[in-house]
Amino acid sequence: MIEGLKKEVKHLLSRERWEHTQRVVEMAGQLLANHRYPLDPQRVQTAALLHDCAKDLSLSGQLKKAGDFGIVLTSSDLLCPQTLHGPVGAGMARHMFGIVDRDILQAIALHTTGGPRMTALAKIIFVADYVEPGRHFLGVDKLRTLAEQNLDEAVLACMNHSLAYLLRRGNLIHRRMIAARNYLLAIKLYPGSREEG
Ligand SMILES: [Fe+2]
Ligand SMILES: [Fe+2]
């Protein structure tokens, strides 16, 4: 199944995006092996392979797909269109590739912003996408080391890094990203708390 999926996804992506996708597959596999989550490696590979399947569509193409798949877009989705390929990619995975595994779909949908109540699979994809070896930015080595040590801390640190970047540039921030960070941070600071997502 994975080999067939690889061929189909490759056709949807630019060369650079396909290379990035392969690195995310590799990195996600490493994180899974490191942290020994009881997850089927094939599910991790599937989510990693498909995570950017919508990214090379034009914005109008992504909006059209969102309409076709009945994806309800929020004002944040429209104000932060660079995040749209997450939910649209999950729609493509569901409707074009027949993926029904909810955790795989969640991991694809949330890989750009994160979200409250991320599964281990979603965390692995989020972090693998952020620190795969093709990423070159100040602080990435520290994030990679953290990713090997503590996945939850790595998710938070990647979110902090991403938010700091968006703030520096004066960009809009998707509210799901704020909610995701609040959720993770509340659990960390106040174990047992039930931060609303
Ligand atoms: Fe992406
Ligand atoms: Fe990506």
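Note that ligands are numbered from 1 as they come in the structure, with each ligand's atoms numbered from 1 the same way. Just so it is clear, the model here is predicted, and its values are computed rather than measured.
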Applying the side chain to side chain donor-acceptor pair (under 3.5 Å) test to His85, which of His51, Lys65, His111 qualifies?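 The residue from His51, Lys65, His111 that satisfies side chain to side chain donor-acceptor pair (under 3.5 Å) with His85 turns out to be His111.
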Ignoring water, what protein N, O or S atoms are under 2.8 Å from the Fe ion (ligand 1)?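 Listed by chain and number, the atoms are Asp52 OD1, His85 NE2, His111 NE2.
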Does any pair with a residue in residues 44-56 pass salt bridge (charged side-chain N to carboxylate O under 4.0 Å, His left out), and if so which ones, sequence neighbours excluded?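 Every pair satisfying salt bridge (charged side-chain N to carboxylate O under 4.0 Å, His left out) with a residue in residues 44-56: Arg17-Asp56.
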Could you check Glu148, His161, Arg144 and say which one makes a side chain to side chain contact (heavy atoms under 4.5 Å, CB included) with Val131?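 For Val131, the side chain to side chain contact (heavy atoms under 4.5 Å, CB included) check succeeds only for Arg144.
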Using a strict threshold of under 4.0 Å (side-chain N to carboxylate O), is an ion pair present between Lys6 and Glu3?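 Yes, Glu3 and Lys6 are salt-bridged.
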With rounding to the nearest 0.5 Å, note down the distance linking CZ in Arg94 to CD1 in Ile104.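 The distance works out to 12.0 Å.
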Closer than 3.5 angstrom, by distance alone: can the side chain of His174 be matched with the main-chain N or O of Arg176 as a donor-acceptor pair?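 Here the side-chain-to-backbone pair exists.
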Would you name the N/O/S atom of His20 that lies closest to the Fe ion (ligand 2)?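 Relative to the Fe ion (ligand 2), the closest nitrogen, oxygen or sulfur of His20 carries the name NE2.
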